[in-house]
Amino acid sequence: MLSLKNIGIVLGGQRVLNGLNLEVQEGEFVVIIGANGTGKSTLFNIISGAIAPTCGKITVGGVANNFCQVARVFQDPRMGTVGNFTISENMALALRRHKRRSLIPFETRKRREFFREYLSILGMDLENRLDDPASTLSGGQRQALSLTMSIIGDYSVLLLDEITAALDPKSSEKVMALANKIVSAEGKTCLMATHNMHHALTFGEKLLVLRNGKIDKLFMKAEKRNLSPADLIETFICH
Ligand SMILES: Nc1ncnc2c1ncn2[C@@H]1O[C@H](COP(=O)(O)OP(=O)(O)OP(=O)(O)O)[C@@H](O)[C@H]1O
Ligand SMILES: [Mg+2]
């Protein structure tokens with residue numbers, strides 16, 4: 001689904017990514033960890049087409065530079081939603097790019113039912129707040145709305161960049177469980193960057209460690225079972 005070949009980029013005179021290769025299969029959930037400044041967000045910027053690499057090739061679903069198939073949820077819950085728009089208006093925005101739009105009811109009342117149904121999965125009572133502006137939601141609620149919007153937008157690849165970093169421990173666990181649920185239920189191809197070692201060990205089929213501009217280590221699900229958070233932190237440290 002996603003293929004990166006020999007990606008390199010120089011930013012501010014520094015070689016951030018250097019010969020990075022990565023293949024992600026359809027429906028795979030891949031977690032990326034790495035120290036601050038190793039290039040995780042830069043990698044996501046490149047995959048989403050926000051910046052162009054100095055060298056290398058990217059294909060999404062077999063098509064070169066197919067960035068319109070890539071959705072991104074950011075660390076800051078305010079980034080994925082429009083604060084002045086209501087929940088319903090935000091959902092309608094996300095729907096505008098749904099591949100099978102014609103299957104979604106056009107009539108307002110039925111469309112609101114459709115939104116309610118999706119939002120009720122979150123268990124945050126947002127289905128009863130369709131006319132509230134997104135700016136009135138808490139960080140966790142707003143992040144959950146961003147996630148839902150990225151799912152109904154029907155993208156092929158989902159990039160989650162430290163989506164729980166700004167949330168309290170309870171909301172963080174809730175949003176992460178939710179992300180995992182929708183990613184697996186919808187069979188989404190997903191890449192997630194995190195500094196939460198517990199999440200890194202719990203979620204995803206593969207765990208990658210980014211270091212020195214490339215994927216330095218890869219752990220499969222079975223291998224993760226034998227690792228502790230302390231073991232993972234050790235993988236960041238330069239030897
Ligand atoms: N626009 C830019 N101009 C100059 N340098 C940049 C730019 N964007 C990123 N960098 C540099 O690239 C490096 C990688 O940054 P990036 O944000 O990708 O790291 P990260 O792994 O996401 O870190 P964190 O875990 O702190 O989010 C850093 O040294 C950063 O200063
Ligand atoms: Mg980052």
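Keep in mind that this is a model prediction, so the values were computed, not measured. Whatever order the structure lists them in is the order used to number ligands and atoms, beginning at 1.
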*Return the minimal non-hydrogen interatomic distance between Val60 and Gln69, and the atom names on each side.*
CG1-CB, 4.0 Å
For [atom], find the nearest protein heavy atom and state the residue, atom name and distance (0.1 Å precision).
atom: atom 23 (O) of ligand 1; value: Gly37 N, 2.8 Å
atom: atom 4 (C) of ligand 1; value: Gly12 N, 3.6 Å
atom: atom 17 (O) of ligand 1; value: Ser41 CB, 3.7 Å

*asked:* On a heavy-atom basis, I'd like to know which of Leu17, Leu11, Ile46 is closest to atom 3 (N) of ligand 1.
replied: Leu11
*Can you tell which of Leu43, Ile9, Val16 gets a heavy atom nearest to atom 12 (O) of ligand 1?*
Val16
Please could you name the atoms of ligand 1 that [X] approaches to less than 4.0 Å, counting only its heavy atoms?
X: Glu162; value: 24 (P), 25 (O), 27 (O)
X: Thr42; value: 14 (C), 15 (O), 16 (P), 18 (O)
X: His195; value: 24 (P), 25 (O)
X: Gln14; value: 29 (O)

*Would you say atom 31 (O) of ligand 1 has a protein heavy atom nearer than 4.0 Å?*
no
*Check whether any protein heavy atom sits under 4.0 Å from atom 14 (C) of ligand 1.*
yes
*Flag the pair Phe115 / Leu95 as yes when at least one side-chain heavy-atom distance between them is below 4.5 Å, and no otherwise.*
yes
_Note, Lys5 side chain near Glu23 side chain (heavy atom, < 4.5 Å)_ = yes
*Ser41 and Asp161: side-chain donor and acceptor closer than 3.5 Å?*
yes
*asked:* Salt bridge check, Glu113 against Lys110: does any charged N sit closer than 4.0 Å to a carboxylate O?
replied: no
*Backbone of Val10 reached by a side-chain donor or acceptor of Thr54 within 3.5 Å*: yes
*Output yes when a side-chain donor or acceptor of Lys224 lies under 3.5 Å from a complementary backbone atom of Gly204, and no otherwise.*
yes
*asked:* Please report whether ligand 1 has a polar contact with Gly34, defined as an N or O pair separated by less than 3.5 Å (distance criterion only).
replied: no
_Contact check: Ser41 to the Mg ion (ligand 2), N/O/S below 2.8 Å_ = yes
*asked:* For Arg78, I'd like to know if atom CZ has over 12 heavy atoms of other residues, nucleotides or ligands within 6.0 Å.
replied: no
*With heavy atoms under 4.0 Å as the rule, classify the contact between Asn36 and ligand 1 as side chain, backbone, both or neither.*
both
*Hphob cluster co-occupancy, Phe85 + Leu126, side-chain heavy atoms under 4.5 angstrom*: no
